[in-house]
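The structure displayed is predicted, hence computed values, not measured ones.
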Amino acid sequence: MKYHIILASNSPRRKELLAGIDVDFEVRVISGIDESFPVDLPTQEIAAYISHKKAAAYRQTMAADELVITADTIVVLGSEVMGKPADDADARHMLRRLSGQTHQVITGVTMTTAKCQHSFSVVTDVTFKQLTDSEIDYYVEHYHPSDKAGAYGIQEWIGHIGVTALNGSYFNVMGLPVQRIYEALQLFDE
């Protein structure tokens, strides 16, 4: 790889996933990046829009040999975007809404160098069984999903006992569609 890769995320899941494709990278985080989006933006475009905003914050500090990967993951139920829960009560509310339903997990990724930028979004459909209140309570009390879009991590207990179907990338649901990133990195190395 002719670029020094920068992962612009503190997420332990994203670090683990990117490490899984055996590329060397450094984590660099700029805090306080505005993650708002226009209210009339179609839900399918929100994650990519936010990943572009994150990339813009890094452009001014990038070296010529760096490639910065920014990402944003959202959960969409119908037309409702579910971000990270505000508190445990909000997490329980989100999980009750997802219970027995199929929702989409959308991750927008932007890969930026000093000379070019490549963006894409990956969508995965996830179906949950009908979750009981005691299952939801157990998960929230033991796993504290306040840092996860839609209030759950598929790799955690709730994913093990609750997900009945998945159409698309499992790793996308974890927060980083590494197969697509691997393919895109090949383009930057040409």
Side-chain angles (χ1 to χ4, degrees), residues 8-18 29 31-54 70-110 119-181:
S9 176
N10 257 336
S11 164
R13 292 165 300 283
R14 286 190 176 137
K15 291 181 217 176
E16 174 189 344
L17 290 170
L18 190 57
V29 177
S31 48
I33 297 173
D34 174 29
E35 295 187 21
S36 64
F37 54 88
V39 293
D40 60 344
L41 190 66
T43 56
Q44 299 293 321
E45 297 176 21
I46 293 170
Y49 179 88
I50 296 171
S51 77
H52 273 114
K53 283 180 83 170
K54 290 177 180 179
T70 55
D72 192 73
T73 301
I74 62 171
V75 170
V76 179
L77 179 63
S79 61
E80 178 186 355
V81 176
M82 296 181 159
K84 296 173 183 173
D87 54 29
D88 285 354
D90 193 28
R92 286 180 177 88
H93 174 74
M94 286 183 184
L95 290 168
R96 283 188 192 99
R97 297 280 326 276
L98 295 173
S99 177
Q101 302 292 320
T102 298
H103 62 276
Q104 287 72 47
V105 177
I106 305 169
T107 301
V109 176
T110 301
S119 295
F120 57 87
S121 290
V122 174
V123 180
T124 304
D125 293 328
V126 180
T127 304
F128 269 108
K129 74 174 189 129
Q130 193 67 44
L131 299 166
T132 66
D133 284 345
S134 64
E135 289 168 337
I136 290 170
D137 289 342
Y138 177 87
Y139 177 67
V140 172
E141 289 168 17
H142 290 87
Y143 290 87
H144 312 288
S146 61
D147 65 334
K148 296 170 180 68
Y152 78 93
I154 194 168
Q155 72 281 7
E156 295 175 339
W157 183 82
I158 200 82
H160 293 237
I161 66 100
V163 173
T164 61
L166 183 86
N167 184 12
S169 168
Y170 174 81
F171 298 116
N172 182 54
V173 182
M174 283 182 67
L176 201 62
V178 286
Q179 188 277 329
R180 285 288 302 277
I181 288 174

* Asked: Which is it for Met174 and Ile154 under the side chain to side chain contact (heavy atoms under 4.5 Å, CB included) test, yes or no, and what are the steps along the way?
  -> CA-CA 6 Å; Met174 283 182 67; Ile154 194 168; 3.8 Å; yes
Can a salt bridge be assigned to the pair [X] and [Y] using a cut-off of 4.0 Å between side-chain N and carboxylate O?
| X | Y | answer |
| --- | --- | --- |
| Asp147 | Arg13 | yes |
| Asp137 | Arg92 | yes |
| Glu135 | Lys129 | yes |
| Arg96 | Asp133 | yes |

* Indicate the atoms forming the closest heavy-atom contact of Ala47 with Gly108, along with that distance. =>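 Ala47 and Gly108 have their closest heavy atoms at CB-N, 3.3 Å.
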* Please report the shortest heavy-atom distance between Ala151 and Pro85, naming the atom on each side. =>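 Looking at all heavy atoms of both residues, the shortest contact is CB-CG, 3.8 Å.
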* Asked: Considering the options Asn167, Thr102, Thr164, which one meets the side chain to side chain donor-acceptor pair (under 3.5 Å) requirement together with Thr127?
  ->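 Exactly one pass, corresponding to Thr102.
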Do [X] and [Y] come close enough that some side-chain heavy atom pair is under 4.5 Å?
| X | Y | result |
| --- | --- | --- |
| Ile181 | Leu176 | yes |
| Val123 | Gln44 | yes |
| Thr70 | Ser51 | yes |
| Leu166 | Asp125 | no |
| Lys148 | Glu156 | yes |
| Thr110 | Lys54 | no |
| Ser119 | Val109 | no |
| Leu95 | Val140 | yes |

Can you tell me how far [atom2] of [Y] sits from [atom1] of [X], rounded to the nearest 0.5 angstrom?
| X | Y | atom1 | atom2 | answer |
| --- | --- | --- | --- | --- |
| Glu45 | Phe37 | CD | CZ | 12.0 Å |
| Ile74 | Glu35 | CD1 | CD | 11.5 Å |
| Glu16 | Ser11 | CD | OG | 9.0 Å |
| Tyr139 | His144 | OH | NE2 | 10.5 Å |

* Asked: For the residue pair Tyr152 and Phe128, does the interplanar ring angle fall in the parallel (under 30°), tilted (30 to 60°) or perpendicular (over 60°) class?
  ->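 Tyr152 vs Phe128 ring planes: perpendicular.
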* Does the side chain of Thr132 pick up a donor-acceptor pair with the side chain of Ser134 at under 3.5 Å? ->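 Yes, Ser134 and Thr132 have a side-chain donor paired with an acceptor closer than 3.5 Å.
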* To do: Indicate whether any N or O donor in one side chain lies under 3.5 Å from an N or O acceptor in the other, for Arg14 and Thr73.
  =>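 A donor-acceptor contact under 3.5 Å links the two side chains.
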* Considering residues, nucleotides and ligands other than Lys84, do more than 12 of their heavy atoms fall under 6.0 Å from its NZ? ->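 No, NZ of Lys84 has 12 or fewer neighbouring heavy atoms, counting only those of other groups under 6.0 Å.
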* Determine, stepwise, if the pair Ser121 / Arg180 fulfils side chain to side chain donor-acceptor pair (under 3.5 Å). => CA-CA 9 Å; Ser121 290; Arg180 285 288 302 277; over 6 Å; no
* Check the pair Val76, Met82 against side chain to side chain contact (heavy atoms under 4.5 Å, CB included), reporting the backbone distance first and the verdict last. => CA-CA 6 Å; Val76 179; Met82 296 181 159; over 6 Å; no
* In sequence, state the C-alpha distance, the side-chain angles, and the governing distance for Ile161 and Leu131, and then conclude on side chain to side chain contact (heavy atoms under 4.5 Å, CB included). => CA-CA 9 Å; Ile161 66 100; Leu131 299 166; 4.2 Å; yes
* To do: Apply the side-chain contact (heavy atoms from CB on, under 4.5 Å) test between Val75 and each candidate in Val81, Val126, Leu98, Ile106; give the one that qualifies.
  =>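 For Val75, the side-chain contact (heavy atoms from CB on, under 4.5 Å) check succeeds only for Leu98.
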